[in-house]
2 protein chains.
Amino acid sequence: MIQMKKGEKTRDHILKTTRFILVANGFHNTTISDIIKASGVKKGNLYYHFASKEEIGLAVLEDAKEEFFNFLGQSFQGKSPCAKVINSCQAIFAEQKKNNFVGGCLFGNAALEMSDSNHHFSKVIHGVFSRWVEEIDGHLTLAGEDCSFNSNLSPRLLAKTIVAIIEGGIMMSRVSKDQADLDDCLAVIGAMFGE
Amino acid sequence: MIQMKKGEKTRDHILKTTRFILVANGFHNTTISDIIKASGVKKGNLYYHFASKEEIGLAVLEDAKEEFFNFLGQSFQGKSPCAKVINSCQAIFAEQKKNNFVGGCLFGNAALEMSDSNHHFSKVIHGVFSRWVEEIDGHLTLAGEDCSFNSNLSPRLLAKTIVAIIEGGIMMSRVSKDQADLDDCLAVIGAMFGE
DNA sequence: CTTAACAAACTGAACGTTCGGTACAAAATA
DNA sequence: TATTTTGTACCGAACGTTCAGTTTGTTAAG
């Protein structure tokens with residue numbers, strides 16, 4: 001059970017709690033009962049704040065999306081573009097572990113679980129990934145940072161690949177239960193830009 | 001409804017049919033009814049061949065695993081290691097599309113959906129990924145193929161990253177519904193080895 | 001200061017549905 | 001004959017959802 005912090009709104013508490021459950025278990029393997037048990041919010045009250053399980057899921061995605069890009073904006077100040085990306089990724093993962101939760105990417109999970117079966121979810125997920133790529137693309141372009149081994153690769157293509165490496169790396173870490181796998185992948189991103 | 005081919009065993013037909021459903025919808029979002037409808041096999045008969053839904057899921061994974069590594073073994077003959085990996089990945093994806101099915105990786109899906117909640121699944125998934133990395137590692141080492149931009153990166157680390165890029169690329173393609181995203185990622189793998 | 005009024009927040013039992021799985025006789029196949 | 005397949009009916013558990021009713025906090029009148 002995750003205690004509700006003083007001053008925290010019930011709705012927010014449900015969102016934060018559910019986010020961690022969704023990262024660990026996915027949407028379809030998470031029941032309303034799971035959310036109730038973990039948050040301490042009673043069933044009736046939960047349905048007072050949300051109309052349906054789907055609405056909770058979408059709200060969690062939106063909430064996490066906002067937090068993610070805020071965080072990305074912060075961590076993009078100073079340092080080289082690729083260092084920023086790597087650092088931000090490590091920081092998010094570290095925070096998850098700090099709270100004893102399964103490390104993973106909510107958006108990546110949702111992408112594979114929902115993007116073909118629920119267009120409400122797929123819309124949000126698509127938005128997250130394309131904006132993520134855009135931001136990295138923009139920062140690579142702005143910094144004029146070239147790929148160390150092939151300057152013909154466009155910033156956009158590199159940005160896509162960086163996101164793919166991160167998502168793939170998170171997946172591998174999850175399977176092996178060893179964060180070193182993600183770190184290895186992030187190291188290669190660094191090496192790609194000669195860092 | 002997927003028609004059963006002549007001479008095909010019912011058990012095999014269930015496995016192949018279910019595989020495509022699982023790639024598209026995942027395990028928890030797939031019901032026994034879905035499998036029955038898609039395969040044409042009646043409920044009683046399905047439970048004559050399998051004891052439970054979990055057993056079907058595991059059998060599908062094992063079946064796909066065997067097919068995957070057979071295919072990888074074939075495609076590894078001739079050509080450079082990284083070309084083989086890229087070609088095999090493209091071929092599998094193309095075949096899925098040919099059958100009008102959602103392109104995706106069964107193992108990647110299962111990794112994010114099940115690896116934390118079901119240890120039977122996680123064991124198989126872990127086996128697939130570690131063997132996949134091993135095989136690429138082995139072929140890189142055997143061919144003495146170095147990373148074009150940093151020869152200090154070990155073959156194993158590179159192999160891990162290649163798998164991560166592929167899985168991440170599949171995820172991105174799935175979200176964008178554009179195979180170009182996966183192709184872009186594969187192109188970067190090629191570029192990493194100066195091809 | 002007390003009290004009435006009201007909306008927002010919350011409760012928990014109960015609902016209808018769907019799920020995975022069972023039972024088993026009859027029919028088909030080999 | 002032994003194995004495999006069909007058909008239908010059924011079960012209990014778990015699911016997401018509803019709802020009549022209770023509590024709480026705020027506001028304003030008496």
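Here the structure is a predicted model, which is why all the values come from computation and not from measurement. Order of the sequence lines sets the chain letters (A, B, ...), proteins ahead of strands, with each chain counted from 1.
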Please confirm whether the shortest side-chain N or O distance from Y48(A) to OP1 or OP2 of dA9(C) is below 4.0 Å. yes
Under 3.5 Å, side chain of D178(A) to main-chain N/O of S173(A), donor-acceptor pair present? no
In whole angstrom, what separates R11(A)'s CZ from dA8(C)'s P? 16 Å
On DNA chain D, check which nucleotide each of A51(A) and M4(B) is closest to and give me the residue with the more 5' one. M4(B)
Would you say dC15(D) has OP1 or OP2 under 4.0 Å from some side-chain N or O of H28(A)? no
Can you figure out which of dT17(D), dC10(C), dG16(D) approaches the side chain of T10(A) most closely? dC10(C)
From CD1 of I56(B) across to P of dC19(C) the rounded distance in Å is 15 Å
For dT6(D) and N45(B) - does any side-chain N or O of the residue sit under 4.0 Å from the phosphate oxygens OP1/OP2? yes
To check you understand the geometry: which heavy-atom pair defines the closest contact between S115(A) and K177(B), and what is its length? O-NZ, 3.5 Å
In whole angstroms, the gap separating P of dA13(C) from CG of L46(A) amounts to 17 Å
Let me know the distance between CD of E54(A) and P of dC15(D), rounded to the nearest Å. 18 Å
Without decimals, in angstroms, what is the distance between I35(A) CD1 and dT17(D) C1'? 13 Å
Would you mind reading off the distance between I36(A) atom CD1 and dA13(C) atom P, rounded to a whole angstrom? 12 Å
Carefully, step by step, assess S176(A) and D181(A) under the rule side-chain hydrogen bond (donor to acceptor under 3.5 Å, both in side chains). CA-CA 8 Å; S176(A) 65; D181(A) 286 341; 2.5 Å; yes
Among the nucleotides dG16(D), dG12(C), dT4(D), whichever has the atom closest to the side chain of I32(A) is dG16(D)
The side chain of Y47(B) lies closest to which of these nucleotides: dT5(D), dT22(C), dG16(D)? dT22(C)
Separation of dG16(D) atom C1' from K42(A) atom NZ, nearest Å, is 19 Å
Go through dC15(D), dG21(C), dT5(D) for me and flag the one nearest to the H49(B) side chain. dT5(D)
Whole angstroms only, please: what is the NZ-C1' distance between K53(B) and dA14(D)? 13 Å
I'd like to know if the side chain of S148(B) and the backbone of M192(B) have a donor-acceptor N/O pair within less than 3.5 Å. yes
If you measure only the distance, is there a donor-acceptor pair under 3.5 Å linking the side chains of T141(B) and D137(B)? yes
Is there a donor and acceptor pair, one atom on the side chain of K43(A) and one on the base of dT17(D), closer than 3.5 Å? yes
